[in-house]
Amino acid sequence: MAYLAPRLGHFRIFKHSVSACRLLGTAGMADMGLALSRSPLERLDFDNVALKKLPLDSSEEPGVRQVNGACFSRVKPQPVTKPRFVAVSHEALALLGLNGEEVMTDPLGPEYLSGSRVMPGSETAAHCYCGHQFGQFAGQLGDGAAIYLGEVKVPPGQDSDLLRENPSGRWEIQVKGAGKTPFSRQADGRKVLRSSIREFLCSEVMFFLGVPTTRAGSVVTSDSRVVRDVYYSGNPRNERCSVVLRIAPTFLRFGSFEIFKQADESTGRQGPSYGRHEIRSQMMDYVIEMFYPEIQRNHPDRVERNVAFFREVMLRTARLVAQWQCVGFCHGVLNTDNMSILGLTLDYGPYGFMDRFDPNFICNASDNSGRYSYQAQPAICRWNLVKLAEALAPELPPDRAEEVVDEYLDLYNGFYLETMRKKLGLLKKDEPEDEILIIELLQTMHNTGADFTNTFRSLSQISCPTEGEEEEELVRKATELLLQQCASLEELKAANKPTMDTRELAMLLSMAQSNPALFQMISDRATIARQLEILSKLKGLMETSQEELQSKHAEDWSGWITRYRKRLARELEGQSDVRALQEERVRVMDSTNPRVVLRNYIAQNAIEAAENGDFSEVQRVLKVLQKPFSSQPGLESPAWVGRGQTTDQGERDEEEEEEEEEEQQQQQEAAAAAVSSSSSTARTPVPYDSKPPTWANEICVT
């Protein structure tokens with residue numbers, strides 16, 4: 001994992017400027033002073049190749065509109081009032097050759113990184129794309145809130161691993177939340193503090209977890225406000241406009257190629273560039289030449305090149321979703337427009353890291369059907385690849401695409417099992433029974449309501465068997481260890497409440513028998529089956545005591561641990577240094593199973609502190625998540641404990657200038673806060689690596 005030192009510091013500029021002064025005299029010294037006083041963001045070296053290589057909309061007409069025959073439209077970011085930094089990621093900014101401290105202390109930094117001021121060399125635009133949303137083709141979508149600022153040349157001396165991942169030699173940068181674009185539809189192109197902090201933190205933690213992702217360089221908030229109905233409950237409130245700086249080799253996605261789609265049979269919508277086959281060819285040439293140069297070099301035949309490109313996208317996608325599954329990450333909105341053409345995690349909305357293991361975990365409260373549940377993610381990504389293949393035809397022959405897609409499942413399973421073996425410390429042998437052992441572990445976790453992250457982290461404390469050990473005692477201790485991560489009876493009851501009213505369920509069951517056609521229009525059998533399964537489980541829990549449940553959990557875990565230790569014993573066969581093997585096993589497991597992830601309650605604490613003017617918890621959480629596999633003394637728990645009165649100077653100034661209006665806004669916010677977090681000031685902070693507190697169950701992300 002690379003930690004990049006800044007490459008463009010004062011020393012290099014100063015040394016160069018002194019030489020210039022000897023030649024230019026006093027005038028040169030004046031120029032040098034001007035150069036040194038410049039914002040570091042004004043020194044970025046832009047080379048906006050995408051706007052040169054891909055069609056750019058000639059119209060600069062403001063407002064929402066259909067964009068035909070173009071991949072980008074020029075836009076103007078809309079300034080915000082009194083922008084200020086919430087946090088920056090030093091590591092992400094280093095990709096651009098920037099020093100995070102310099103950016104944080106730069107008076108112009110918040111203006112440039114909120115889109116309120118445009119950097120020299122930047123060309124602002126919005127990308128046009130389409131997408132299948134929840135299985136239906138939605139037609140033109142595009143960057144409704146994100147604005148392309150340009151592409152920054154990779155600074156000298158960038159890490160070689162990063163250059164292999166980004167062979168284009170440039171980093172595309174965007175600001176998300178900087179105002180309307182032609183693709184904003186009914187929205188205002190703005191983002192608020194809640195969503196901005198969530199995207200900023202998760203972009204960075206995914207990188208430090210080793211999962212391919214777009215990056216986030218900063219989050220800026222302001223005194224500008226927009227109205228949002230957080231829970232779609234009819235209780236809107238004013239929230240601060242906030243902006244995230246996003247960084248990636250490119251933000252092109254599967255949906256970028258769907259702008260050429262013919263009219264969809266189900267929705268009747270078609271892509272805005274339907275029939276423009278020459279643009280599809282142009283886009284494929286651009287993507288392959290810029291981001292897959294080895295494929296371009298190794299395949300002179302165009303068809304073979306395109307097949308190799310699609311196969312590489314398929315491989316990266318399979319590996320990515322396997323990594324998601326192995327850290328318990330659920331994206332929440334796996335539409336084709338949220339799938340990166342480079343195999344990166346893209347667009348952080350209603351995502352979630354699993355707490356209690358549940359294969360049916362749904363992180364997006366708007367996903368009523370469970371289409372994008374945790375266990376559905378591998379299949380959905382395959383479905384999205386099929387849609388990408390359709391979008392690339394005829395440049396990608398359909399029969400060749402089908403052959404590639406058929407490779408997906410085996411590749412995914414291979415990536416998944418490879419990582420899962422590391423998580424269990426099975427390093428020396430690959431046995432067919434390993435897959436069964438993993439399935440049994442997940443089933444036991446599900447039955448006992450075990451915490452996903454902490455259970456896997458605990459496994460390194462279960463040692464390989466050695467001679468002279470008391471097996472029964474060791475199994476008992478290991479069982480006690482894992483029981484600490486299991487849910488109580490009340491927690492399991494709460495987790496197994498049906499999301500559908502029993503009367504509605506009874507009506508749908510009757511309809512499925514009497515009128516199957518109508519039933520299929522308003523529901524589906526998978527949803528009904530899930531509800532019946534939940535009801536059955538709840539019935540069993542209602543008839544069980546806590547003592548009986550604890551005994552059953554202990555029995556389940558001791559059985560699995562016994563099988564696990566037998567498998568570990570086979571790891572020792574033929575090994576002369578058992579101690580060295582055990583140390584290697586612990587090292588690999590503890591560098592594969594994170595100690596801490598961005599649980600919803602951790603993000604929520606940081607958000608609520610920031611909404612009250614205290615940004616320190618956002619910065620603290622970022623620091624913790626930069627080392628997710630390590631213990632960090634002094635950073636075990638949140639520093640913020642429900643400080644409700646803290647405000648920053650920008651908020652106080654606004655109150656002085658607009659007292660009456662601001663008082664009304666504050667009253668609205670206070671009322672909404674009372675609904676959404678009535679117990680926030682009474683919360684007892686828990687360590688970042690603990691199971692979530694009870695109140696975390698109330699967090700709703702849509």
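These numbers come from the heavy atoms of this one structure, side chains and all, not from hydrogens, waters or symmetry mates. The structure displayed is predicted, hence computed values, not measured ones.
- Going from atom CD of E204 over to atom OG1 of T214 covers 9.0 Å, rounded to the nearest 0.5 Å.
- Minimum heavy-atom separation, C381 to L334: SG-CD1, 4.0 Å.
- To the nearest 0.5 Å, atoms CD (E42) and CG (L44) are separated by 9.5 Å.
- Using a 4.5 Å heavy-atom threshold, the side chains of R276 and E278 count as touching.
- At distances below 3.5 Å, at least one donor-acceptor pair connects side-chain atoms of R280 with backbone N or O atoms of A391.
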* Start with the C-alpha distance between N166 and Q158, add both sets of side-chain angles, then the distance that settles side chain to side chain contact (heavy atoms under 4.5 Å, CB included), and finish with yes or no. => CA-CA 11 Å; N166 179 16; Q158 190 144 105; 5.6 Å; no
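- The ring-ring contact (aromatic ring centres under 6.0 Å, His included) test applied to H331 returns W324, not counting sequence neighbours.
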* From CA spacing to verdict: side chain to side chain contact (heavy atoms under 4.5 Å, CB included), Q377, I380 -> CA-CA 5 Å; Q377 290 184 136; I380 285 296; 5.7 Å; no
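- Between R269 and Q140 the shortest side-chain heavy-atom distance does not fall below 4.5 Å.
- Among residues two or more places apart in sequence or in another chain, the salt bridge (charged side-chain N to carboxylate O under 4.0 Å, His left out) test is passed with R371 by none.
- A salt bridge is defined here as a Lys NZ or Arg NE, NH1 or NH2 lying under 4.0 Å from an Asp or Glu carboxylate O, and E258 with K387 fails to meet this definition.
- At least one side-chain heavy atom of L315 sits under 4.5 Å from a side-chain heavy atom of F415.
- For the pair E91/R215, a side-chain contact is recorded, criterion being any heavy-atom separation below 4.5 Å from C-beta on.
- Partners of K153 under the side chain to side chain donor-acceptor pair (under 3.5 Å) rule, at least two apart in sequence or in another chain, do not exist in this structure.
- Here the closest non-hydrogen pair linking Y286 and A50 is OH-CB, 3.5 Å.
- Within the 3.5 Å criterion, the main-chain N or O of V303 finds no donor-acceptor partner in the side chain of N306.
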* To do: Dump the intermediate steps for side chain to side chain donor-acceptor pair (under 3.5 Å) on R170 and N48, then the final yes or no.
  => CA-CA 9 Å; R170 299 179 313 284; N48 308 321; over 6 Å; no
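- A ring-centre distance under 6.0 Å is not found for Y274 and F260.
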* **Derivation and outcome, side chain to side chain donor-acceptor pair (under 3.5 Å), residues T213 and Y348** => CA-CA 10 Å; T213 180; Y348 291 93; 2.5 Å; yes
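- In this structure, D367 CG and S373 OG are separated by 7.5 Å, a value rounded to the nearest 0.5 Å.
- Taking all atoms of both residues into account, the shortest heavy-atom contact from P77 to G115 is CB-O, 3.2 Å.
- Atom CZ of R198 is separated from atom CG of L598 by 7.5 Å, given to the nearest 0.5 angstrom.
- Only one option out of L51, L56, L149 pairs with E123 in a side chain to side chain contact (heavy atoms under 4.5 Å, CB included); it is L51.
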* **Criterion side chain to side chain contact (heavy atoms under 4.5 Å, CB included) on T336 and R253, from CA distance to verdict** => CA-CA 8 Å; T336 56; R253 52 202 72 206; over 6 Å; no
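- Within a 6.0 Å radius of NZ in K429, other residues, nucleotides and ligands contribute more than 12 heavy atoms.
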* To do: Check the pair E402, R400 against salt bridge (Lys or Arg N to Asp or Glu O under 4.0 Å), reporting the backbone distance first and the verdict last.
  => CA-CA 5 Å; E402 186 176 352; R400 299 294 301 278; over 6 Å; no
* Let me see the working for Y374 and C363 under side chain to side chain contact (heavy atoms under 4.5 Å, CB included), right down to the final yes or no. => CA-CA 8 Å; Y374 168 79; C363 60; over 6 Å; no
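- For F134 and Y372, the ring centers are positioned less than 6.0 Å apart.
- Between the side chain of R74 and the main chain of A125, no donor-acceptor pair closer than 3.5 Å is present.
- Side-chain contact between N338 and F254: absent, with no pair of heavy atoms (C-beta onward) separated by less than 4.5 Å.
- When every heavy atom of V75 is checked against every heavy atom of P182, the shortest pair comes out as CG1-CD, 3.4 Å.
- The aromatic rings of H132 and F137 lie tilted to each other, with the angle between the two planes from 30° to 60°.
- T181 places a side-chain N or O within 3.5 Å of a backbone atom of D143 that can act as its donor or acceptor partner.
- Although no hydrogens or angles enter the test, the distance criterion places no donor-acceptor pair under 3.5 Å between the side chain of T419 and the main chain of Y416.
- The two residues G343 and L320 make their nearest non-hydrogen contact at O-CD2, 3.7 Å.
- Distance check, rounded to the nearest 0.5 Å: CE of M283 to NZ of K53 gives 14.5 Å.
- Shown here are the salt bridge (charged side-chain N to carboxylate O under 4.0 Å, His left out) partners of K428, two or more places apart in sequence or in another chain: E584.
- The aromatic rings of F353 and Y351 lie perpendicular to each other, with more than 60° between the two planes, well past the 30° mark.
- Atom CD of E435 sits in a sparse spot, with 12 or fewer heavy atoms from other residues, nucleotides or ligands closer than 6.0 Å.
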* **Worked check of salt bridge (Lys or Arg N to Asp or Glu O under 4.0 Å) between D590 and R595** => CA-CA 8 Å; D590 285 350; R595 186 185 68 86; over 6 Å; no
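- In this structure, the salt bridge (charged side-chain N to carboxylate O under 4.0 Å, His left out) partners of E199, at least two apart in sequence or on a different chain, are K176, R246.
- Residues L141 and F183 fail the side-chain proximity criterion, which asks for heavy atoms closer than 4.5 Å.
- The shortest side-chain heavy-atom distance between L396 and V307 falls under the 4.5 Å cut-off.
- Under a cut-off of 6.0 angstrom, the local environment of NZ in K180 is sparse, with at most 12 non-hydrogen atoms contributed by other residues, nucleotides or ligands.
- You'll find the side chain of L426 stays beyond 4.5 Å of the side chain of R585, heavy atoms only.
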Which atom pairs, donor and acceptor, lie under 3.5 Å between side-chain atoms of residues 289-297 and protein residues at least two apart or in another chain?
| residue | atom | partner | partner atom | Å |
| --- | --- | --- | --- | --- |
| Y292 | OH | I341 | O | 2.7 |
| Q296 | OE1 | R305 | NH1 | 3.1 |

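- Without hydrogens or angle criteria, K191 side chain to V244 main chain gives no donor-acceptor distance under 3.5 Å.
- For the atom pair OG of S73 and CZ of R65, the computed distance is 5.0 Å after rounding to the nearest 0.5 Å.
- Summarising the geometry of F452 relative to V327, their closest heavy-atom pair is CE2-C, 3.5 Å, with the distance given to 0.1 Å.
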